[in-house]
Amino acid sequence: MVKGDPTLLMKLRQYQVAGRKFPSDTDPNPVIYRMRIFATDEIRAKSRFWYFTKRLNKIKTAHGEIVSVEEIVEKNTDHVKTYGISIRYETRNGITNMYREYRDTSLCGAVGRMYQDMAGRHRARAETIHIISTTALNVSSKVKRSNTAQFYNSKIRFPLLHETVRAPCKSLRSVFVSGRPLTRSH
Amino acid sequence: MAHARFVEIGRVAYVNFGPEKGKLCVIIDVVDNKRALVDGPSTGVARQQMPFSRISLTEFVLPVKRNQMSSNVAKIFDSHEVVKKWNSSTAGKHIEHSLRRANLTDFERFKLMIAQKKKSSALKKELKKLTVKH
């Protein structure tokens with residue numbers, strides 16, 4: 001079970017969805033297509049599965065059935081991993097491919113962060129993003145982005161140079177305070 | 001910068017915001033420039049990601065390895081008596097005093113007011129003695 005503050009946890013889950021065309025006289029054992037889908041729940045996962053299957057395999061929802069939907073649970077969320085995610089998304093003028101890297105304790109966390117990142121940096125909405133592949137980068141030489149590589153360091157050490165002073169909870173916030181905050185680190 | 005405390009593996013941090021507020025934890029790994037992976041098995045903090053904005057770095061660093069098992073982190077934490085050291089440190093005492101102040105009863109607040117009045121009147125008397133009369 002993933003522990004921690006629920007407001008900080010990613011809501012995305014990973015599902016393995018398998019589906020096929022309805023069996024018919026001409027095709028009694030149709031091919032089963034399997035996909036790994038990132039979605040907040042099973043229903044969305046199934047819907048997204050059909051979206052891709054329609055485009056890639058020419059099977060409509062009305063002509064096919066879902067054989068299985070299983071959640072793929074992250075084996076170990078106790079340590080941080082670096083993930084490389086290849087995506088294809090629609091820009092205002094066309095379609096682009098991208099490769100992005102994220103560090104997180106779970107793949108779903110990294111994918112969720114990717115969606116947020118794409119929305120913030122490129123104004124790309126989640127519907128327009130197709131995840132082509134995801135890889136866990138286990139070797140530091142495979143990490144391409146210098147921003148991610150600098151944190152892939154067993155001897156990481158840096159100071160927090162600017163601290164934002166914040167009330168410990170909302171109820172203790174005050175509009176006016178007597179003194180200026182101290183933002184330097186100790 | 002000379003006296004800055006560093007985010008490093010083994011740094012003991014005090015959680016100052018969120019559901020784990022008021023607890024000590026140890027930085028086990030760094031996720032990115034905004035989040036750390038912290039663990040506090042002895043103090044009740046589950047291994048989780050914690051943004052740096054929610055923690056204050058303390059002066060204590062433990063000889064914890066990156067991604068060390070929670071049970072071993074607990075052993076090192078307990079053997080270094082971090083909680084005791086924290087409670088006797090300036091920051092720890094300050095927090096303890098703030099908590100005590102927040103939990104005063106009405107009678108205790110009355111006693112505090114009387115004590116403050118006595119203190120200020122004693123100070124004013126001494127100040128008057130030192131002040132030159134015009």
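Below, chains carry the letters A, B, ... as their sequence lines are ordered, and counting in each starts from 1. Owing to the predicted nature of the structure, the values given are computational and were not obtained by experimental measurement.
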Roughly how far apart are [X] [atom1] and [Y] [atom2], rounded to 0.5 Å?
X         : Y         : atom1 : atom2 : result
Arg113(A) : Asp32(B)  : CZ    : CG    : 6.0 Å
Met69(B)  : His79(A)  : CE    : NE2   : 13.5 Å
His162(A) : Phe52(B)  : NE2   : CZ    : 15.5 Å
Ile9(B)   : Arg157(A) : CD1   : CZ    : 11.5 Å
Ser56(B)  : Glu163(A) : OG    : CD    : 6.0 Å
Asp29(B)  : Tyr152(A) : CG    : OH    : 10.0 Å

Heavy-atom neighbours of [X] [atom1] exceed 12 at 6.0 Å:
X         : atom1 : answer
Lys23(B)  : NZ    : yes
Arg101(B) : CZ    : no
Phe158(A) : CZ    : yes
Lys85(B)  : NZ    : yes
Arg44(A)  : CZ    : no

Cluster question for you: counting only ILVMFWY and a side-chain heavy-atom cut-off of under 4.5 Å, with indirect links fine, are [X] and [Y] together?
X         : Y         : value
Val7(B)   : Val38(B)  : yes
Val67(A)  : Val17(A)  : no
Val83(B)  : Val26(B)  : yes
Phe77(B)  : Val61(B)  : no
Tyr102(A) : Ile131(A) : yes

Among Gly109(A), Ser154(A), Cys169(A), Ala167(A), single out the residue with the greatest number of heavy-atom pairs under 4.5 Å to chain B.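 So the answer, after comparing Gly109(A), Ser154(A), Cys169(A), Ala167(A), is Ser154(A).
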Choice from Thr148(A), Asn147(A), Ile156(A), Asn153(A) maximising heavy atom contacts with chain B below 4.5 Å: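 Heavy-atom pair counts peak at Ile156(A).
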Identify the two heavy atoms, one from Arg35(B) and one from Arg103(A), that lie closest to each other, and give their separation to 0.1 Å.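 Scanning both residues, the minimum pair turns out to be NH2-O, 3.3 Å.
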Phe151(A) to Val31(B) - nearest heavy-atom pair and separation: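 In this case the closest contact between Phe151(A) and Val31(B) is CB-O, 3.9 Å.
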Which is it for Arg166(A) and Arg54(B) under the side-chain contact (heavy atoms from CB on, under 4.5 Å) test, yes or no, and what are the steps along the way? CA-CA 9 Å; Arg166(A) 169 159 72 158; Arg54(B) 287 193 182 190; 3.6 Å; yes
Taking atom types as modelled and ignoring hydrogens, do the side chains of Gln49(B) and Asp104(A) form a donor-acceptor contact shorter than 3.5 angstrom?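 Short answer, yes.
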Stepwise side-chain contact (heavy atoms from CB on, under 4.5 Å) check, Phe6(B) with Leu160(A): CA-CA 7 Å; Phe6(B) 280 74; Leu160(A) 295 174; over 6 Å; no
Non-hydrogen atoms of chain A under 4.5 Å away: do they reach the side chain of Asp39(B), the backbone, both or neither?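 Nothing of Asp39(B), per the 4.5 Å heavy-atom cut-off to chain A.
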Is there side-chain contact between Asn67(B) and Asp78(A), with heavy atoms separated by less than 4.5 Å?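 Of all side-chain heavy-atom pairs linking Asp78(A) with Asn67(B), none is under 4.5 Å.
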Against chain A, work out which of Asn16(B), Ile28(B), Val30(B) has the most heavy-atom pairs shorter than 4.5 Å and name it.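 The answer is Val30(B).
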